[in-house]
Amino acid sequence: MKRALVVGASHSLGAHLARGLSESGWAVVGTGRRPAGEVPYAHTFDYVHLDLSVPGQLKPFLDRQDEGYDLIVHNAVSYGRTYRGQGTGEPDLAELETLFRVNALVPYQLLHDLLAARPAGRFCSCVVVNSDAIYHANRRSGPYAASKAALRVLTTALADTFRSGGASVSTLLLGPLPDPQKLTDLGRLAERHSTGTAEVTRAYLRKAHPSYVIDELIDFEACLRSVEYLAGLGRAANGMVCRLDGGSSGSLL
């Protein structure tokens with residue numbers, strides 16, 4: 001049985017990826033900062049508490065990873081207060097440091113050390129989930145987008161580091177997902193305007209993201225299939241960026 005690690009599996013997309021891989025026959029370890037009792041589908045995989053924002057938690061976790069993995073999916077993320085509309089004014093330095101720590105610096109160290117320590121002869125596909133926010137940052141999303149842009153650059157560095165070392169490191173670049181908070185907000189808007197959620201979602205995408213050419217949020221199952229596709233490519237996926245973001249294929253990057 002092949003082994004998979006999903007970093008950031010305590011809710012939303014990460015929980016879906018961990019469950020989906022488990023149902024496809026993988027032996028899955030999933031990490032997250034939430035208690036196990038709050039993790040959906042935790043009974044379908046081996047859940048381990050790991051908070052990337054807390055110094056000192058990474059080394060004990062790495063010390064226990066002696067078997068290696070055939071697939072690593074990095075999905076953990078912090079949005080910060082301003083991106084979620086929970087804060088006013090600019091984020092202070094401490095908040096920015098935490099954002100970059102969770103979204104870029106610790107993932108780089110974690111993935112580097114996991115790939116470097118994998119058993120000889122065991123190929124590992126590493127898929128790093130990222131956001132298309134790196135292409136259209138604004139005042140509210142700027143700090144979050146910058147941290148994800150840093151992750152994108154560091155992912156390229158990992159791909160170069162391990163390109164001849166029995167691993168592939170690729171990026172799954174995602175657009176708007178049906179996370180619980182977004183679904184709740186869209187449902188409230190639909191109720192307020194006495195219309196369907198599908199129509200509100202369509203209007204939201206066209207107004208908030210005019211570059212998108214989709215009318216629906218990108219479902220979690222499509223993300224799972226994309227992860228499996230990248231893993232199935234083996235060495236050919238190294239350095240690859242798979243865009244599942246709803247953007248026009250004719251856009252210039």
Side-chain angles (χ1 to χ4, degrees), residues 1-10 13-33 42 44-52 54-77 101-130 148 150-173 223-242:
M1 181 178 289
K2 290 188 175 183
R3 301 184 76 238
L5 170 66
V6 179
V7 182
S10 63
L13 174 61
H16 184 90
L17 294 176
R19 182 188 67 167
L21 290 171
S22 178
E23 291 176 347
S24 295
W26 294 79
V28 179
V29 175
T31 74
R33 61 187 177 184
T44 65
F45 57 92
D46 181 14
Y47 181 73
V48 179
H49 179 264
L50 176 65
D51 189 339
L52 302 186
V54 179
Q57 286 202 5
L58 195 58
K59 187 177 186 306
F61 174 78
L62 287 168
D63 289 343
R64 294 194 298 268
Q65 310 308 305
D66 54 355
E67 296 183 55
Y69 296 95
D70 303 284
L71 171 63
I72 299 172
V73 182
H74 177 75
N75 178 70
V77 62
R101 171 185 172 82
V102 175
N103 287 351
L105 303 180
V106 175
Y108 174 74
Q109 180 184 358
L110 171 62
L111 298 177
H112 180 281
D113 291 354
L114 285 171
L115 292 174
R118 73 193 181 288
R122 186 168 197 165
F123 182 84
C124 179
S125 295
C126 179
V127 180
V128 179
V129 177
N130 210 318
K148 300 299 281 186
L151 175 64
R152 175 72 195 99
V153 175
L154 292 172
T155 301
T156 302
L158 287 172
D160 184 45
T161 299
F162 294 101
R163 63 177 171 178
S164 300
S168 70
V169 184
S170 58
T171 293
L172 177 59
L173 196 68
C223 299
L224 172 61
R225 292 198 298 273
S226 297
V227 167
E228 293 174 326
Y229 168 72
L230 288 168
L233 288 178
R235 288 175 172 80
N238 196 44
M240 179 177 175
V241 178
C242 177

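Just so you know, these numbers use all the heavy atoms, side chains as well, and skip hydrogens, waters and symmetry mates.
- Closest heavy-atom contact between His49 and Arg33: NE2-O, 3.1 Å.
- Ring planes of His112 and Tyr108: tilted class, angle from 30 to 60°.
- Counting only distance, with no hydrogens or angles, the side chain of Asn75 and the backbone of Val7 share no donor-acceptor pair below 3.5 Å.
- Within the 3.5 Å criterion, the main-chain N or O of Gly20 finds a donor-acceptor partner in the side chain of Ser24.
- A distance of 10.5 Å separates CD of Gln109 from CG of Leu52, quoted to the nearest 0.5 Å.
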I would like to know whether Leu230 and Ser125 meet side chain to side chain contact (heavy atoms under 4.5 Å, CB included); could you show each step before the answer? CA-CA 8 Å; Leu230 288 168; Ser125 295; over 6 Å; no
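- Across all their heavy atoms, Tyr47 and Thr31 have their closest contact at CE1-C, 3.8 Å.
- Between the side chain of Arg101 and the backbone N or O of Val106, no donor-acceptor pair lies under 3.5 Å.
- Rounding to the nearest 0.5 angstrom, the gap separating the OH atom in Tyr229 from the CG atom in Leu172 is 12.0 Å.
- Annotation for Cys223 and Leu13: closest pair CB-CD1, 3.7 Å, computed over non-hydrogen atoms.
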Full working for side chain to side chain contact (heavy atoms under 4.5 Å, CB included) between Leu115 and Ile72: CA-CA 9 Å; Leu115 292 174; Ile72 299 172; 4.3 Å; yes
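- When all heavy atoms of Ala4 and Leu21 are compared, the closest pair comes out as CB-CD1, 4.3 Å.
- Under the 3.5 Å distance criterion, the side-chain polar atoms of Asn103 are left unmatched by any main-chain donor or acceptor of Lys148.
- Formation of a donor-acceptor pair under 3.5 Å by the Arg152 side chain with backbone atoms of Thr171 is not found in this model.
- Here OG1 of Thr44 is found 7.0 Å from CZ of Arg19. Values are rounded to the nearest 0.5 Å.
- Interatomic distance, Leu173 CG to Ser226 OG, rounded to the nearest 0.5 Å: 11.0 Å.
- The CE atom of Met240 lies 14.5 Å from the OG1 atom of Thr155; values are rounded to the nearest 0.5 Å.
- Looking at heavy atoms from C-beta onward, Leu71 lies out of side-chain contact with Glu228 at the 4.5 angstrom threshold.
- Counting heavy atoms from C-beta on, the side chains of Asp70 and Trp26 come closer than 4.5 Å.
- The two residues Leu151 and Pro107 make their nearest non-hydrogen contact at CD1-CB, 4.2 Å.
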Run the side chain to side chain contact (heavy atoms under 4.5 Å, CB included) test on Leu114 and Gln65 for me, step by step, so that the C-alpha distance in whole Å, both residues' side-chain angles and the decisive distance to 0.1 Å come before the verdict. CA-CA 8 Å; Leu114 285 171; Gln65 310 308 305; 4.0 Å; yes
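- Closest of all the heavy-atom pairs between Gly32 and Ser10 is CA-CB, 3.9 Å.
- Here the side chains of Val169 and Asn238 are in contact, with some heavy-atom distance below 4.5 Å.
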Side chain to side chain contact (heavy atoms under 4.5 Å, CB included) evaluation trace for Phe61 with Leu110: CA-CA 9 Å; Phe61 174 78; Leu110 171 62; 4.0 Å; yes
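- Atom CG of residue Leu233 and atom OG of residue Ser168 lie 8.0 Å apart, to the nearest 0.5 angstrom.
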